[in-house]
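In what follows, every chain begins at residue 1, and chains take the letters A, B, ... in the order their sequences are listed. What you see is a predicted model; the values in this text were computed from it and never measured.
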2 protein chains.
Amino acid sequence: MWLDRNGRPESDYACRVPKPTIQDVARAAGVHPGTASRALNPELAGRITPETTRRVKEAATRLGYVPDQLGRNLRTRRSHTIGVLIPDLGNPVFPPIVRGIEDGLRDAGYEALIANTDDSPEREDHLIKVLTARHCDGFIIASSRRDDPAVAALVESKVPVVLVNRLMDTATASVVSDDATGMRAAVDHLIGLGHAAIAHVTGPATLSMTQVRRAAFEEVMAAAGLAAYPDLIERADRYAVDEGARAFGRLLDRHIPTAVIAGNDMIAIGCYSALRERGLRCPEDVSVVGFNDMPLSGFLDPALTTVAIPQNDIGAAAAQLILGMINDGRPAHRLLPVALVVRGSTGPPPNR
Amino acid sequence: MWLDRNGRPESDYACRVPKPTIQDVARAAGVHPGTASRALNPELAGRITPETTRRVKEAATRLGYVPDQLGRNLRTRRSHTIGVLIPDLGNPVFPPIVRGIEDGLRDAGYEALIANTDDSPEREDHLIKVLTARHCDGFIIASSRRDDPAVAALVESKVPVVLVNRLMDTATASVVSDDATGMRAAVDHLIGLGHAAIAHVTGPATLSMTQVRRAAFEEVMAAAGLAAYPDLIERADRYAVDEGARAFGRLLDRHIPTAVIAGNDMIAIGCYSALRERGLRCPEDVSVVGFNDMPLSGFLDPALTTVAIPQNDIGAAAAQLILGMINDGRPAHRLLPVALVVRGSTGPPPNR
DNA sequence: TTGTATGCGTTATCAG
DNA sequence: CTGATAACGCATACAA
């Protein structure tokens, strides 16, 4: 578990450039290290003579002083590091979110430690332990199930946590896309094209995202008087292409709808596959709508009509929220707008 | 530059779970902290009484002791952290590589600090500074230009560096895919289909990857006696869809080849766009071959024939190499095999 | 084999 | 406003 921590006795590879410490700066400026530290701390501006501050800053610049994060971390008990838990970087929807998070954090002097959970509770548990040992100042979690003891424990022990596109019963900060509105737009779009038998392939039931999207689907369908089409919902065990294909295949074997709304874009691709396997064409026979508008959605065959979530903004907002919690402790919630992007995978229903 | 480092005076959010330190473990085991430290260090096995070791380990387990990385980092002058510089996580080829890196590092108790350079030298410079302040034990760099002072300086000062799919004049470790062989397979495939006028849309000339792929293209073409088709090479300014479309558009305006090999899959998508804009069909009018086999390549319209590089393996190898350098200082090089994946974007040339 | 003491670089506390 | 001192948690050189 702890692995080796030995130095590099025979290794020639170690930074040989002696970096100046605050002691060097203090000596050069003719002040005490403590004073130098204060002079360099913007928070303490005004509590130090302008002249002293100037001398210290000048010395720091001249020596090329950069504060050693390791020493600072130990002393302040903060690592300026945020643990970021996502299901899988391989799902194209996450990289843009992660990018938003990283940029937002780095601008504030924080770094992200990114880890993939593969939606495995054990892996998530383990990763939280590992990242906690590194004293992450907070966590951004895009992988939690609705009922997640590990995350709940984190929140319980007052560690700042921001949930991304996943809600839990626990009260903590969150940033989610307005999926309900997005689902309404998707259904309205299909109804507008003349569809009535609209199917929905959801993701795993354990994720709140699945619930939100499914509940919205059922509600909008009922409101449109289309509740007469039951049995048009099927669940994929993962938000992945193969599981999406399998799930939609099961649905198709029961009944062939004229349209399907997929739980996300990966499942939508799975729907493409299932249709192709059965010799059905999209959109001529069956229209497909995705969710997320992940990168390359527009270049698929056919180009995917999908509900676009603001991936970069979601990441940026998550970064902002976690920093807010670290600084003033107030958890907040953000609901970000979505937009239906109409492309080639949707069209009028076939004349049967 | 240094930002705030104040605590959270009014914040309620801070870990309230007092974590046991090695002192607690030592006390519980009835030994001195130094002894406890040694007992927990696998390197020193044998230099400690089995009985003592047992007692310490038992106490550690019982108390749920996890070594505080911050303290360890400061003392050992190592952060167990690797800086990972990539051009852009938004390019789908990188997430799988990053995934491979992360998993490889984490298994060895290391974490990755990932940063996007957007292929900007200034940004890269800045990031190296930021990550150096965090005492990264090494760098995995997938973003360096052929001539890169910042990276050269890093290598010069004996910081372990592994280059990924980018070579520099500097001698340091690297892991690259066997692009030359891949290019040969691509050209052979096209020639086998009957193509002769084969174009190549390269990436930016500053990257070694571009050079390698282009040189291989020219060599293979010449060897096949097809050097008679000059002017069939065009350069995209970035490895991105829009630049790929622009570049191939310029080429098409000069001359319409029967096939094109793109510098990477993003450029290949750009080629699709350029063809479509001009009313040309793929593969009926022009065959397209990509490079990388990034995720979703098989679901594009049409499914992309491309040279697959082992993305996960590349990441894993990079992790392995950097850990090797940290431990015994020997830089090594790895050349990983590629494979042509034939899909729908290539076919016989049109009868003109 | 184990205990002791020290220091990694920084900043918080307390005195002056 | 500034100097002196201690401490964050750990690992290691040295002493026993």
Side-chain angles (χ1 to χ4, degrees), chain A residues 2-9 14-15 18-27 29-56 60 63 65-80 132-135, chain B residues 2-9 14-15 18-27 29-56 60 63 65-80 109 133-135:
Chain A
W2 297 289
L3 297 152
D4 76 313
R5 37 187 167 174
N6 61 321
R8 280 155 283 183
C15 187
K19 298 201 300 180
T21 73
I22 195 145
Q23 312 227 23
D24 299 321
V25 174
R27 200 176 312 119
V31 298
H32 191 272
T35 306
S37 173
R38 285 179 290 244
L40 260 21
N41 186 341
E43 293 282 320
L44 273 45
R47 303 187 36 132
I48 286 282
T49 306
E51 164 59 13
T52 304
T53 304
R54 195 196 56 72
R55 278 219 318 282
V56 172
L63 297 178
Y65 170 72
V66 178
D68 186 316
Q69 291 293 338
L70 266 40
R72 170 180 291 179
N73 290 348
L74 183 59
R75 181 57 178 116
T76 59
R77 314 295 306 137
R78 304 176 68 189
S79 65
H80 287 262
T132 299
R134 292 187 102 87
H135 282 213
Chain B
W2 297 289
L3 297 150
D4 75 313
R5 39 186 166 174
N6 60 322
R8 280 155 284 184
C15 186
K19 298 200 301 179
T21 73
I22 195 141
Q23 313 227 23
D24 300 321
V25 175
R27 202 176 310 121
V31 299
H32 193 273
T35 306
S37 172
R38 284 179 288 244
L40 260 23
N41 185 343
E43 293 283 319
L44 273 45
R47 304 187 34 134
I48 285 284
T49 305
E51 165 60 13
T52 305
T53 304
R54 196 196 55 73
R55 278 219 317 282
V56 172
L63 296 179
Y65 170 73
V66 179
D68 186 316
Q69 291 294 338
L70 265 42
R72 168 180 293 181
N73 290 347
L74 184 58
R75 173 62 222 226
T76 59
R77 312 298 304 138
R78 305 176 68 188
S79 65
H80 287 261
R134 284 190 172 271
H135 282 209

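- A straight line from CG of B:D24 to P of D:dG9 spans 9 Å, rounded to a whole angstrom.
- Put simply, the side chain of A:R72 and the base of C:dT10 share no donor and acceptor less than 3.5 Å apart.
- A residue-by-residue look at B:L74 and A:T35 shows that A:T35 has its nearest nucleotide of DNA chain D further toward the 5' end.
- Judged as a salt bridge (Lys or Arg N to Asp or Glu O under 4.0 Å), and not counting sequence neighbours, the contacts of A:R27 are A:D24.
- Here the side chains of B:R77 and B:H135 are in contact, with some heavy-atom distance below 4.5 Å.
- By the 4.5 Å heavy-atom criterion applied to side chains, B:V31 and B:V56 are counted as neighbours.
- Atom CD of A:E43 is separated from atom P of C:dT11 by 12 Å (rounded to the nearest Å).
- When the C1' atom of D:dA11 is taken as reference, atom CG of B:N73 falls 12 Å away, rounded to whole Å.
- Look at CG on A:D68: it is 11 Å from P on C:dC8, rounded to the nearest Å.
- Whole-Å rounding puts the B:H32 NE2 to D:dT12 P distance at 15 Å.
- Overall bending of the helix from C:dT1-D:dA16 to C:dG16-D:dC1, expressed as the angle between end axes built from five pairs apiece, is 40° (10° steps).
- Comparing B:G34 and A:Q23 against DNA chain C, the residue whose closest nucleotide sits nearer the 5' end is B:G34.
- The shortest side-chain heavy-atom distance between A:D68 and A:T21 does not fall under the 4.5 Å cut-off.
- Remark: the A:R75 side chain and the D:dT5 base include no donor-acceptor N/O pair separated by less than 3.5 Å.
- At whole-Å resolution of the value, NE2 in B:H135 and C1' in C:dT10 are 12 Å apart.
- Spacing between atom CD1 of A:I22 and atom C1' of D:dG3 amounts to 14 Å, rounded to whole angstrom units.
- One atom, CZ of A:R134, and another, P of D:dG9, lie 17 Å apart when rounded to the nearest Å.
- Taking the side chain of B:V31 as heavy atoms from C-beta on, and the options C:dT11, C:dT10, C:dG3, the nearest nucleotide is C:dG3.
- You'll find a donor-acceptor pair under 3.5 Å spanning the side chain of B:R38 and the base of C:dG3, going by distance alone.
- Within the 4.0 angstrom heavy-atom criterion, no nucleotide atom of any strand lies near B:L70.
- In terms of phosphate contacts, A:T52 brings a side-chain nitrogen or oxygen within less than 4.0 Å of OP1 or OP2 of D:dT2.
- Side-chain contact between B:R55 and B:T49 is absent, with no heavy-atom pair separated by less than 4.5 Å.
- Here A:T76 does not reach the OP1 or OP2 of C:dT10: none of its side-chain N or O atoms lies under 4.0 Å away.
- Using a 4.0 Å cut-off, no side-chain N or O of A:Y65 falls inside it from OP1 or OP2 of C:dG9.
- A donor-acceptor distance shorter than 3.5 angstrom exists from the side chain of A:N73 to the backbone of A:Q69, with no hydrogens or angles considered.
- Two residues are said to be in side-chain contact when any heavy atoms from C-beta on lie closer than 4.5 Å; A:T132 and B:V66 fail this criterion.
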